[in-house]
Amino acid sequence: MISHLIQKSRIGIYLHIPFCPHICPYCDFVKTSQFSKKDVNAFFSELSLQLDYFLNQLPSPISKDHATVYFGGGTPGLFEASFYQPLLNKIREKYILEEVTLETNPLTNIERRFFNYLNVGFDRITLGAQSLCPTTLKTLGRKHSKETIIKNIKWAQKAGFKNIQVDLIYGLKKEIRTLNVEDEIQQLFDAGATGISAYALSIEKRTLFANSDFACDENAANEYLQILNKCKSLGFKQLETSNFSKLETRHNHIYWHGLPYIGVGTGAHGLLPPTDQFPYGIRYRIGEEKIKSFAPGNDELIFSQQDQRMKNFSIHYDPPRTKKEYLEEMIFTLLRTPRGIPIKWLIKMTQNENIIQQVSDQPKIKRGIMEGKIILDKESIFLLDEEKIRGDLWISEFITLI
């Protein structure tokens, strides 16, 4: 395990809420906008059973451990805090909650709910803004405005939230954007956002954008550098390739550093803790193997018949991870973090005292080190911040040596 984490939590809990007010054309997550109040109640009832199942599978410590909790979607902010309080209470019976995050949508948020969310235990809000630019919002199918986003940040502040992360999408074709991404970040900062998560637009097969040409790799590379420089100037630390914040995002560190997490709710994935039999854990996913689409952008979730509903929550386990698979996954995520791959950890995991010499002698990596794109010091090997957007290219070079 990676030992340099500042947080106490060594396990995360993710709960997927797949309901949305409408379907955004770029979204590849499991979701539906076709549901009733009865469907929602049935889903949360079964979500609670699923949570019970996995909490009972986890080892019981002598005293309570710390955990992070993240409600993602979908649009969890569609629902009152009362839907989440029983679930959080279940988790509190076993864990001390170090960070509890709720994803929200500026369009559907209600001011009073921020107070209620804080009262039941949420301490971090993510706001799915995606942009402050009107033409970009329209292209992305978002129905809120810049003014709504700013108002949401103010509501969260007023309620008492100290950690307010805003999602942005960049990398659209140049002619779409009418507001510079640096200006977007400045306005969010001025409003009170404590960080941004910036994602390059990618065109996925399962989305309404599948046959579109709205993304531009060249523009994504240019805008990424603008985002990086602007965030640095505002005092946002780069916690990972896409994440910039004044505060730590403890739940995300669980993923970035290969720690176990349980996922519940249709579309969720999880990684069970390592055991003597399976030292690198087992991944799983919730829901049928292939989520079918019954309308553009909507996934077919089954609520109508009691005997069919559990298809939403069936558990599909992957084969146990091998050491090689574990190492490959860790290299992929660690190179996205500021300090990259710890040298002591890499030597221990590969059982190869010469691995750093072999890595630094690899022709492309050697050239990257000479050009200052890759930094090798006594403790770790990592990518220059400006180089992280090309991280996937470097990752493949590292993996060939494992």
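Source: prediction; values computed, not measured.
Here the shortest heavy-atom pairing between L118 and A159 reads CD2-O, 3.1 Å. In terms of heavy atoms, T135 sits closest to T178 at OG1-OG1, 3.4 Å. Closest of all the heavy-atom pairs between C20 and T75 is SG-OG1, 3.4 Å. Residue H251 comes nearest to Y255 through the heavy atom pair NE2-OH, 2.6 Å, listed as atom of the first residue, atom of the second, then distance. The heavy-atom pair separating W394 from K364 by the smallest distance is CZ3-O, 3.3 Å. Pairing each heavy atom of R92 with each of K64, the nearest pair is O-NZ, 2.6 Å.
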Side chain to side chain donor-acceptor pair (under 3.5 Å) assessment of D299 paired with T32: CA-CA 5 Å; D299 292 306; T32 183; over 6 Å; no

Under the salt bridge (Lys or Arg N to Asp or Glu O under 4.0 Å) rule, what do R124 and E103 come out as? Steps first, then yes or no, please. CA-CA 9 Å; R124 180 170 177 262; E103 285 186 357; over 6 Å; no

Tell me, with the steps shown, if E248 and R250 meet salt bridge (Lys or Arg N to Asp or Glu O under 4.0 Å). CA-CA 6 Å; E248 292 296 328; R250 288 173 169 79; over 6 Å; no

Worked check of ring-ring contact (aromatic ring centres under 6.0 Å, His included) between F313 and F43: CA-CA 9 Å; F313 297 96; F43 184 90; 5.3 Å; yes

Take N105 and T108, measure what side chain to side chain donor-acceptor pair (under 3.5 Å) needs, and give me the verdict at the end. CA-CA 6 Å; N105 183 334; T108 56; 4.6 Å; no

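Between F209 and F214, the ring centre distance stays below 6.0 Å. For F71 and F122, the ring centers are positioned less than 6.0 Å apart.
Exactly one residue among Y284, Y261, Y14 makes a ring pair (Phe, Tyr, Trp, His ring centres under 6.0 Å) with F54. That residue is Y284. Remark: of the listed residues F19, F44, Y117, F44 is the sole one forming a ring pair (Phe, Tyr, Trp, His ring centres under 6.0 Å) with F83.
Between D65 and K94 there is no salt bridge, since none of the side-chain N atoms of the basic residue sits less than 4.0 Å from a carboxylate O of the acidic one. One finds no salt bridge joining K388 and E240 here, because no Lys/Arg side-chain nitrogen approaches an Asp/Glu carboxylate oxygen to under 4.0 Å. Contact check on E328 versus K324 returns a salt bridge, with a Lys/Arg side-chain nitrogen under 4.0 Å from an Asp/Glu carboxylate oxygen. By the 4.0 Å N-to-carboxylate-O rule, D377 lies close enough to R339 to be salt-bridged with it. For K90 and D52, the salt-bridge test passes: some basic side-chain N is under 4.0 Å from an acidic carboxylate O. A salt bridge does not link E397 with K366: every distance from a Lys NZ or Arg NE/NH1/NH2 to an Asp or Glu carboxylate oxygen is 4.0 Å or more. Under the 4.0 Å criterion applied to side-chain N and carboxylate O atoms, K8 and E99 are not assigned as salt-bridge partners. Contact check on D213 versus K173 returns a salt bridge, with a Lys/Arg side-chain nitrogen under 4.0 Å from an Asp/Glu carboxylate oxygen. Comment: D318 engages R285 in a salt bridge, judged by a side-chain N to carboxylate O separation of less than 4.0 angstrom. The pair K205-D28 does not count as a salt bridge, with every side-chain nitrogen at least 4.0 angstrom from each carboxylate oxygen.
One distance of note links OG of S9 with NE2 of H253; it measures 11.0 Å at 0.5 Å rounding. Atom CG of residue L383 and atom CD1 of residue I389 lie 12.5 Å apart, to the nearest 0.5 angstrom. Rounding to the nearest 0.5 angstrom, the gap separating the CD atom in Q351 from the CE atom in M349 is 8.0 Å. Separating the CD1 atom in I17 from the NZ atom in K31 is a distance of 16.0 Å, to the nearest 0.5 Å.
Between L228 and E386, some side-chain heavy-atom pair lies under the 4.5 Å cut-off. Residues I185 and F244 are not in side-chain contact: their nearest non-hydrogen atoms beyond the backbone lie 4.5 Å or more apart. The side-chain heavy atoms of Y84 and E80, taken from C-beta on, include no pair separated by under 4.5 Å. F236 is not listed as a side-chain neighbour of S245, based on a closest heavy-atom distance of 4.5 Å or more. By the 4.5 Å heavy-atom criterion applied to side chains, R321 and P279 are not counted as neighbours. Taking 4.5 Å as the limit, every side-chain heavy atom of C216 sits out of range of all side-chain heavy atoms of L172. Within the 4.5 Å cutoff, the side chain of P76 has no heavy atoms near those of the T104 side chain. Under the 4.5 Å side-chain criterion, counting only non-hydrogen atoms from C-beta, I347 is not in contact with N352.
The main-chain N or O of T241 is found under 3.5 Å from a side-chain atom of Y224 such that the two form a donor-acceptor pair. At distances below 3.5 Å, not a single donor-acceptor pair connects side-chain atoms of R142 with backbone N or O atoms of H144. Although no hydrogens or angles enter the test, the distance criterion places no donor-acceptor pair under 3.5 Å between the side chain of E204 and the main chain of T207. Although no hydrogens or angles enter the test, the distance criterion places no donor-acceptor pair under 3.5 Å between the side chain of T136 and the main chain of L132. In this structure, E111 contributes its side chain and W155 its backbone to no donor-acceptor pair below 3.5 Å. Within the 3.5 Å criterion, the main-chain N or O of N312 finds a donor-acceptor partner in the side chain of T266. In this structure, E325 contributes its side chain and T322 its backbone to a donor-acceptor pair below 3.5 Å. N116 contributes no side-chain N or O that, together with a main-chain N or O of A81, makes up a donor-acceptor pair within less than 3.5 Å. In this structure, S360 contributes its side chain and Q357 its backbone to a donor-acceptor pair below 3.5 Å. In this structure a side-chain-to-backbone donor-acceptor pair under 3.5 Å is missing from E223 to Y170.
N41 CG: more than 12 foreign heavy atoms inside a 6.0 Å radius. Atom CD of E371 sits in a crowded spot, with more than 12 heavy atoms from other residues, nucleotides or ligands closer than 6.0 Å. No more than 12 heavy atoms of other residues, nucleotides or ligands shown are found within 6.0 angstrom of NZ on K146. Crowding of N56 atom CG: a count of heavy atoms from other residues, nucleotides or ligands under 6.0 Å exceeding 12. Atom NZ of K158 has 12 or fewer neighbouring heavy atoms from other residues, nucleotides or ligands inside a 6.0 Å radius. The neighbour count for F79 CZ, taken as heavy atoms of other residues, nucleotides or ligands under 6.0 Å away, is above 12. Counting non-hydrogen atoms of other residues, nucleotides and ligands closer than 6.0 Å to CD of Q277 gives a total of 12 or fewer.
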